[in-house]
Protein chains: 2
Amino acid sequence: MPELSQFTAEFFKALSHPLRIRVLDALRQGEVGVNELSLRLQVEQTTLSQQLAVLRKSNIVVGRKEGQNVYYSIRDPEIIHLLDNARRIFNNHLIDIRDLLEQLSPGVEKSSP
Amino acid sequence: MPELSQFTAEFFKALSHPLRIRVLDALRQGEVGVNELSLRLQVEQTTLSQQLAVLRKSNIVVGRKEGQNVYYSIRDPEIIHLLDNARRIFNNHLIDIRDLLEQLSPGVEKSSP
DNA sequence: TAAGTACATACAAATATTCGCATATAACAA
DNA sequence: TTGTTATATGCGAATATTTGTATGTACTTA
């Protein structure tokens, strides 16, 4: 089934941008309006809206309009777990590297005076 | 910590290509040589090697050279779980859509005669 | 050594993504 | 109606990714 790999790849592609990741992190505790979001993340509103559009098209995020504001939230809390798992994976790998370096030259942990 | 979102995004970017996903699926049961892989996936060897290089650079996959062959495997089995979780997420979402359609026009499941 | 097999890489053209800027829309206020 | 605020979108330039073609390297066998 070649479509499945297509869908899977597109899903990950939606997560493959630093700002989009920062948005998701900001939405961990619940919905946030676009205005506050652009203040918190220190990005132009237009840039933010563009990346929100990407997340919306992939159904990772939903917007709820209230008055003149739009409040965004993560559609499925499993996405948070996915983020955390991804980080655990490459964290493990960094630990592996640290261990390797430790083996090569023991005791050279931090370069502080 | 803006670097973390960078790393996270790069990690996902490595997973954001259909062929790379198909490679990972092929490596689920264990290591596979490049030659067999290109036969199984029906892609040119050069295309495969290029995408393997991407997966290698992101430390998602490792190659083990034996004679003139290189056997690739997934570095961390957690990556398999990550794939499965991602699929579960957008599968849930597809189910949501099906339910929604069902609500709108009940009983119109399949368009068979 | 020469030739063949397995895999990797360099480069350029085609394609896709991102960013900044301008503009559009929608809700609200005066 | 006009103006203002909040958000979205269209477009072009800059940038990154993908793909095909050619070539490189390493191992093996004759």
Side-chain angles (χ1 to χ4, degrees), chain A residues 2-3 5-24 26-27 30-75, chain B residues 2-3 5-24 26-27 30-75:
Chain A
E3 315 151 7
S5 54
Q6 271 279 356
F7 286 141
T8 312
E10 273 165 33
F11 177 79
F12 284 126
K13 184 180 282 186
L15 299 174
S16 71
H17 190 285
L19 180 52
R20 297 199 289 266
I21 295 292
R22 295 211 292 141
V23 166
L24 294 179
L27 299 184
E31 46 169 39
V32 181
V34 176
N35 205 8
E36 191 187 336
L37 208 49
S38 82
L39 287 173
R40 278 207 221 169
L41 303 181
Q42 292 280 85
V43 290
E44 300 263 346
Q45 175 270 317
T46 186
T47 303
L48 181 56
S49 271
Q50 280 172 101
Q51 300 307 326
L52 282 170
V54 175
L55 290 171
R56 239 187 301 123
K57 272 169 207 155
S58 317
N59 290 295
I60 289 170
V61 119
V62 253
R64 179 180 65 82
K65 191 157 194 174
E66 183 184 314
Q68 38 189 342
N69 298 333
V70 178
Y71 295 93
Y72 276 91
S73 57
I74 297 179
R75 185 192 284 269
Chain B
E3 316 150 7
S5 54
Q6 271 280 355
F7 287 141
T8 313
E10 273 165 33
F11 177 79
F12 284 126
K13 184 180 283 186
L15 299 174
S16 71
H17 189 284
L19 181 53
R20 296 199 291 264
I21 295 292
R22 296 212 291 143
V23 166
L24 294 179
L27 299 184
E31 47 170 37
V32 182
V34 177
N35 204 7
E36 191 188 334
L37 207 48
S38 83
L39 287 174
R40 279 207 221 169
L41 303 182
Q42 293 279 84
V43 290
E44 300 263 346
Q45 175 269 317
T46 185
T47 304
L48 181 58
S49 272
Q50 281 170 148
Q51 300 309 326
L52 281 170
V54 175
L55 290 172
R56 237 187 304 123
K57 272 169 207 154
S58 318
N59 290 294
I60 289 170
V61 118
V62 253
R64 178 179 67 83
K65 191 157 193 174
E66 181 184 315
Q68 39 189 341
N69 298 333
V70 178
Y71 296 93
Y72 276 90
S73 57
I74 297 180
R75 185 191 283 269

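Predicted, not measured: the structure shown is a model, and the values here were computed from it. Chain letters run A, B, ... following the sequence lines, proteins first and then strands; every chain starts at 1.
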- [ ] Using atom CZ of A:R64 as one end and atom C1' of D:dT7 as the other, report the distance to the nearest whole Å.
- [x] 15 Å
TODO: Under 4.0 Å between any heavy atoms, over every strand shown, what does B:T47 touch: base, sugar-phosphate, or nothing? Just pick one.
DONE: sugar-phosphate
Open item on the list: Under 4.0 Å from OP1 or OP2 of C:dA6: is there any side-chain N or O of B:N35 that close?
Closed with: yes
Open item on the list: Going by salt bridge (Lys or Arg N to Asp or Glu O under 4.0 Å), name the residues that satisfy it together with B:E10, two or more places apart in sequence or in a different chain.
Closed with: none
Open item on the list: Between B:K13 and C:dT17, is there a contact of a side-chain N or O with OP1 or OP2 at under 4.0 Å?
Closed with: no
Open item on the list: I'd like to know if A:Q45 reaches the base of D:dA8 with its side chain such that a donor and an acceptor end up less than 3.5 angstrom apart.
Closed with: yes
Open item on the list: Between C1' on D:dA26 and CG on B:N69, what's the gap in Å once rounded to a whole number?
Closed with: 12 Å
Open item on the list: Closer than 3.5 angstrom, by distance alone: can the side chain of B:S49 be matched with the main-chain N or O of B:T46 as a donor-acceptor pair?
Closed with: no
Open item on the list: Please pick, from C:dT5, C:dT9, D:dA26, the nucleotide with the shortest atom-to-atom distance to any side-chain atom of B:K65.
Closed with: D:dA26
Open item on the list: So for B:E66 and C:dA6, does any side-chain atom that can act as donor or acceptor lie under 3.5 Å from a complementary atom in the base?
Closed with: no
Open item on the list: Without decimals, in angstroms, what is the distance between B:L52 CG and D:dT17 C1'?
Closed with: 17 Å
Open item on the list: My understanding is that only one of A:V32, A:L41, A:I74 makes a side chain to side chain contact (heavy atoms under 4.5 Å, CB included) with A:V23; could you say which?
Closed with: A:L41
Task: salt bridge (Lys or Arg N to Asp or Glu O under 4.0 Å) partners of B:E31, counting only residues at least two apart - done: B:R64
Open item on the list: Closest approach to the side chain of B:R20, judged atom by atom: which nucleotide of D:dA6, D:dT18, C:dA8 is it?
Closed with: D:dT18
- [ ] Answer with base, sugar-phosphate or nothing: what part of the nucleic acid does B:Y72 contact at a heavy-atom distance below 4.0 Å?
- [x] sugar-phosphate
- [ ] Specify the separation, in whole Å, of atom CD of A:E44 and atom C1' of C:dC19.
- [x] 10 Å
Open item on the list: On the side chain of A:T46, is there an atom forming a donor-acceptor pair with the base of C:dC19 - under 3.5 Å, no angle test?
Closed with: no
TODO: Using atom CD of A:Q50 as one end and atom C1' of C:dT23 as the other, report the distance to the nearest whole Å.
DONE: 13 Å
TODO: Rounded off to whole Å, could you give me the NE2-to-C1' distance for the A:H17 and D:dT17 pair?
DONE: 14 Å
Task: Closest listed nucleotide, where the reference is the side chain of A:Q68 and the choices are D:dA8, C:dA27, C:dC7 - done: C:dA27
TODO: Please confirm whether the backbone N or O of B:V54 pairs with a side-chain atom of B:R20, one donor and one acceptor, at under 3.5 Å?
DONE: no
Task: Length of the line joining A:E31:CD and D:dT7:C1', which is rounded to integer Å - done: 16 Å
TODO: Could you check how far CG of B:L19 sits from P of D:dT18, rounded to whole Å?
DONE: 10 Å
